[in-house]
Amino acid sequence: AQKITQTQPGMFVQEKEAVTLDCTYDTSDPSYGLFWYKQPSSGEMIFLIYQGSYDQQNATEGRYSLNFQKARKSANLVISASQLGDSAMYFCAMREGTTSGTYKYIFGTGTRLKVLA
Amino acid sequence: NAGVTQTPKFRILKIGQSMTLQCAQDMNHNYMYWYRQDPGMGLKLIYYSVGAGITDKGEVPNGYNVSRSTTEDFPLRLELAAPSQTSVYFCASSQQILPGNTIYFGEGSWLTVV
């Protein structure tokens, strides 16, 4: 079963508008972390934002915010005032513990965002 | 600021050949990971390591081997390369002291098996 689900393979947004990229997760670990990464066409993975499972407030980093709804197990990324440079693939990821006491990062299949001028 | 360094960046292999993807990090991170990313897809965990001498399988370990003799290095070995192993490979590292510690990626290695 998918642990991280991103249901939007592709999204379009007009420049300067806001866009929400969806992410739902599944874990039985009470302590976990949720991350969003950006992958531009050049291929590198860029860390955007982090939300801890015990954090009371939604994380924000500049134009990025994470809409964390724990009961719904969702961690949607909101990008405000979209820019052409935001066109990229976006991955949601979860850090969870393993039965052996170690940690893994599990990634979703990604959402390709295209910002239109 | 080297971070996570992967070599080679591009490689074409023939079916049945073997090769090693090198990965080194200079951040003294205890955790290291290997992922593969198939075209248009997400990242799948191949192997990971929590420290020198300790490795564990991820989601898709078949056809690969790893070793971790030092904190800095985490090479990925492909033994009998198959076309299904054509992918982009990412090495990554993290320090697991704090829950919010993110994972740092290398720039990726593009591998084609023909």
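Every chain is numbered from 1 and lettered A, B, ... according to where its sequence line falls, protein lines coming before strand lines.
One hydrophobic cluster holds both A:Ile79 and A:Leu34 under the rule that ILVMFWY side chains link at heavy-atom gaps under 4.5 Å. Hydrophobic clustering keeps B:Val4 apart from B:Tyr48 (ILVMFWY residues linked when any side-chain heavy atoms are closer than 4.5 Å, directly or through intermediates). A:Met94 and A:Tyr64 fall within the same hydrophobic cluster, where Ile, Leu, Val, Met, Phe, Trp and Tyr residues are linked whenever their side-chain heavy atoms come under 4.5 Å apart, directly or through other members. Under the 4.5 Å side-chain heavy-atom criterion for Ile, Leu, Val, Met, Phe, Trp and Tyr, B:Met19 and B:Val60 are members of the same hydrophobic cluster. Both B:Leu13 and B:Tyr64 belong to a common hydrophobic cluster when Ile, Leu, Val, Met, Phe, Trp and Tyr are linked at side-chain heavy-atom distances under 4.5 angstrom.
Within the 4.5 angstrom heavy-atom criterion, only side-chain atoms of A:Gln39, from C-beta onward, approach chain B. Contacts between A:Tyr54 and chain B at a heavy-atom distance below 4.5 Å are absent for every atom of the residue. For A:Ser42, the part lying under 4.5 angstrom from a heavy atom of chain B is the backbone only.
Environment of CD1 in B:Ile15: crowded, with over 12 heavy atoms of neighbouring residues, nucleotides or ligands closer than 6.0 Å. Atom CE of B:Met27 is surrounded by more than 12 heavy atoms from other residues, nucleotides or ligands within 6.0 Å. Counting heavy atoms of neighbouring residues, nucleotides and ligands inside a 6.0 Å radius, atom NZ of A:Lys114 does not exceed 12 of them.
Contacts from residues 49-58 of chain B to chain A, taken as heavy-atom pairs separated by less than 4.5 Å, involve B:Val50, B:Asp56 in sequence order. At a heavy-atom cut-off of under 4.5 Å, chain A is reached by B:Phe105, B:Trp110 from residues 105-114 of chain B, listed in order of number. Within residues 84-94 of chain B, the residues having any heavy atom closer than 4.5 Å to a heavy atom of chain A are B:Phe90, B:Ser94, listed by residue number.
Checked by atom type and distance alone, the side chain of B:Tyr31 pairs as donor or acceptor with a backbone atom of A:Tyr103 at under 3.5 Å.
Shown here are the salt bridge (charged side-chain N to carboxylate O under 4.0 Å, His left out) partners of B:Arg77, two or more places apart in sequence or in another chain: B:Glu79.
Residues B:Ile103 and A:Phe35 form no side-chain contact, since every pair of their non-hydrogen atoms from C-beta on lies 4.5 Å or further apart. Between B:Leu45 and A:Tyr105, every side-chain heavy-atom pair lies at or beyond the 4.5 Å cut-off.
In this structure, A:Lys3 NZ and B:Glu59 CD are separated by 9.5 Å, a value rounded to the nearest 0.5 Å. Between the CG atom of B:Asn30 and the OG1 atom of A:Thr102 there is a distance of 10.5 Å, given to the nearest 0.5 Å. Distance check: B:Thr102 OG1 to A:Trp36 CH2 gives 14.0 Å after rounding to the nearest 0.5 Å. The CD atom of B:Gln37 sits 9.5 Å away from atom CZ of A:Phe107, with the distance rounded to the nearest 0.5 Å.
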Applying side chain to side chain contact (heavy atoms under 4.5 Å, CB included), run through A:Met45 and B:Tyr35 and close with a yes or a no. CA-CA 12 Å; A:Met45 296 287 284; B:Tyr35 290 90; over 6 Å; no
